[in-house]
Amino acid sequence: MKLLNSLFTIVSDQQTASGHDYTIDLDKEHFIYKAHFPGEPITPGVCVMQIAKELFQEALGQKLDLVCVKNVKFLKIISPNEVTRVCYSLSKISSDEAGQKVQVSVIDDQNVYAKLSLICRTL
């Protein structure tokens, strides 16, 4: 399921010395929040990972298949009732025989929500 332009939209893309910073807006009216969880919505961890993969695709300009997720740390809940804009900071982008690799931090001005390391392969 593609989440870009559905659950989230890209507000800005800034290339950095170590990768890309994507500022995104979450759609707090998206149907996912009605099911997860009614009255107390939170962004599912699988959606946090899918957004990271889709932004990695944007950064590389290639379609990717997620093959491995390492060192996942969900540090703070992303509730659309409290926050709808976050930054996905992609760094340490590399490629080897295992695939395309990236480290991702999901942050805002005051919080770190998640840290992930992904390995993808080009489709």
Side-chain angles (χ1 to χ4, degrees):
M1 173 182 206
K2 183 177 173 187
L3 300 179
L4 179 58
N5 298 322
S6 173
L7 177 62
F8 77 98
T9 55
I10 298 171
V11 176
S12 69
D13 167 15
Q14 183 176 8
Q15 193 161 3
T16 66
S18 61
H20 284 266
D21 286 349
Y22 287 95
T23 301
I24 67 163
D25 279 345
L26 297 167
D27 177 4
K28 68 181 185 176
E29 299 303 321
H30 196 274
F31 73 88
I32 284 175
Y33 292 124
K34 295 184 184 356
H36 198 269
F37 296 99
E40 293 293 328
I42 63 171
T43 306
V46 68
C47 292
V48 172
M49 290 187 291
Q50 177 67 20
I51 292 168
K53 188 209 70 147
E54 289 183 25
L55 293 173
F56 192 28
Q57 288 182 148
E58 290 289 317
L60 296 179
Q62 302 174 351
K63 289 206 172 243
L64 300 172
D65 187 27
L66 182 61
V67 294
C68 185
V69 180
K70 292 185 170 188
N71 304 322
V72 176
K73 294 180 184 165
F74 296 109
L75 303 167
K76 188 168 173 74
I77 291 172
I78 302 173
S79 168
N81 291 338
E82 297 171 13
V83 62
T84 56
R85 181 168 286 181
V86 294
C87 175
Y88 273 68
S89 182
L90 283 60
S91 63
K92 298 187 179 175
I93 296 170
S94 65
S95 180
D96 64 19
E97 66 281 347
Q100 307 284 350
K101 298 179 179 182
V102 66
Q103 289 187 3
V104 181
S105 295
V106 183
I107 59 175
D108 66 14
D109 291 337
Q110 300 172 12
N111 300 291
V112 177
Y113 295 98
K115 292 184 176 188
L116 327 136
S117 294
L118 307 179
I119 301 174
C120 300
R121 70 170 178 237
T122 306
L123 292 177

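Heads up: numbering here begins at 1 and tracks the sequence. Only this structure's heavy atoms are used, side chains among them; waters, hydrogens and symmetry mates stay out. Everything quoted here is computed from the prediction, not taken from an experiment.
Between the side chains of Thr23 and Tyr88, no donor N or O sits under 3.5 Å from an acceptor N or O. In summary, the side chains of Asp21 and Thr16 do not present any donor paired with an acceptor at a separation below 3.5 Å, with no hydrogens or angles considered.
Listed for the Gln100 side chain is no donor-acceptor partner under 3.5 Å among the backbone atoms of Cys120. Remark: side-chain polar atoms of Ser79 are paired, donor with acceptor, to backbone N or O of Asn81 under 3.5 angstrom.
In this structure, Leu55 is a member of the same hydrophobic cluster as Val83, with clusters built from ILVMFWY side-chain heavy atoms closer than 4.5 Å. Two different hydrophobic clusters hold Leu123 and Val67 under the rule that ILVMFWY side chains link at heavy-atom gaps under 4.5 Å. When hydrophobic clusters are built by joining Ile, Leu, Val, Met, Phe, Trp and Tyr residues whose side-chain heavy atoms come closer than 4.5 Å, directly or via intermediates, Ile93 is grouped together with Val72. At a threshold of 4.5 Å between side-chain heavy atoms, the hydrophobic network of Ile, Leu, Val, Met, Phe, Trp and Tyr places Leu90 and Phe74 in one connected group. Under a hydrophobic-cluster definition in which Ile, Leu, Val, Met, Phe, Trp and Tyr are linked whenever side-chain heavy atoms come within less than 4.5 Å, directly or via other members, Ile77 and Leu75 are assigned to different clusters.
Side chains of Val106 and Val48 form a contact here, defined as non-hydrogen atoms less than 4.5 Å apart. The side-chain heavy atoms of Thr122 and Lys63, taken from C-beta on, include no pair separated by under 4.5 Å. Residues Tyr33 and Leu26 have side chains in contact (heavy-atom distance under 4.5 Å, counting atoms from C-beta outward). By the 4.5 Å heavy-atom criterion applied to side chains, Lys92 and Val102 are not counted as neighbours. Glu29 places a side-chain heavy atom less than 4.5 Å from the side chain of Lys34. Side-chain atoms of Asp27 and Phe8, non-hydrogen and from C-beta on, never get closer than 4.5 Å to each other. Between Glu58 and Leu4, the closest side-chain pair of non-hydrogen atoms falls below 4.5 Å. Under the 4.5 Å side-chain criterion, counting only non-hydrogen atoms from C-beta, Phe37 is in contact with Ile42.
Scanning both residues, Pro80 and Pro41, for their nearest heavy atoms gives CD-O, 3.4 Å. The shortest non-hydrogen separation linking Cys47 to Thr43 is CB-CG2, 4.1 Å. Of all heavy-atom pairs spanning Ala98 and Ile119, the tightest one is O-CG2, 3.5 Å.
Tyr22 pairs by the ring pair (Phe, Tyr, Trp, His ring centres under 6.0 Å) definition with His20, not counting sequence neighbours. For His30, the ring pair (Phe, Tyr, Trp, His ring centres under 6.0 Å) test picks out no residue, with sequence neighbours left out.
Note that CG of Asn111 is 13.0 Å distant from SG of Cys87, once rounded to the nearest 0.5 Å. Considering CG of Asp108 and CD of Glu82, their distance stands at 10.5 Å, rounded to 0.5 Å. Separating the CD1 atom in Ile78 from the CD1 atom in Ile51 is a distance of 7.0 Å, to the nearest 0.5 Å. The distance from atom CZ of Arg121 to atom CD of Glu97, rounded to the nearest 0.5 Å, is 15.0 Å. Atom CD1 of Ile10 sits about 11.0 Å away from atom CG of Asp25, to the nearest 0.5 Å. Atom NZ of Lys53 sits about 6.5 Å away from atom CG of Asp65, to the nearest 0.5 Å.
Between Asp96 and Lys101, at least one side-chain N (NZ, or NE/NH1/NH2) sits under 4.0 Å from a carboxylate O, which counts as a salt bridge.
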Q: List the steps, then state whether side chain to side chain contact (heavy atoms under 4.5 Å, CB included) holds for Leu116 with Gln103.
A: CA-CA 6 Å; Leu116 327 136; Gln103 289 187 3; over 6 Å; no

Q: Under the side chain to side chain contact (heavy atoms under 4.5 Å, CB included) rule, what do Leu66 and Leu118 come out as? Steps first, then yes or no, please.
A: CA-CA 7 Å; Leu66 182 61; Leu118 307 179; 4.0 Å; yes

Q.
Would Leu64 and Phe56 count as a side chain to side chain contact (heavy atoms under 4.5 Å, CB included) here? Give the steps.
A. CA-CA 8 Å; Leu64 300 172; Phe56 192 28; 3.5 Å; yes

Q: Might you work through the side chain to side chain contact (heavy atoms under 4.5 Å, CB included) test for Ser117 and Val69, ending with a clear yes or no?
A: CA-CA 6 Å; Ser117 294; Val69 180; over 6 Å; no

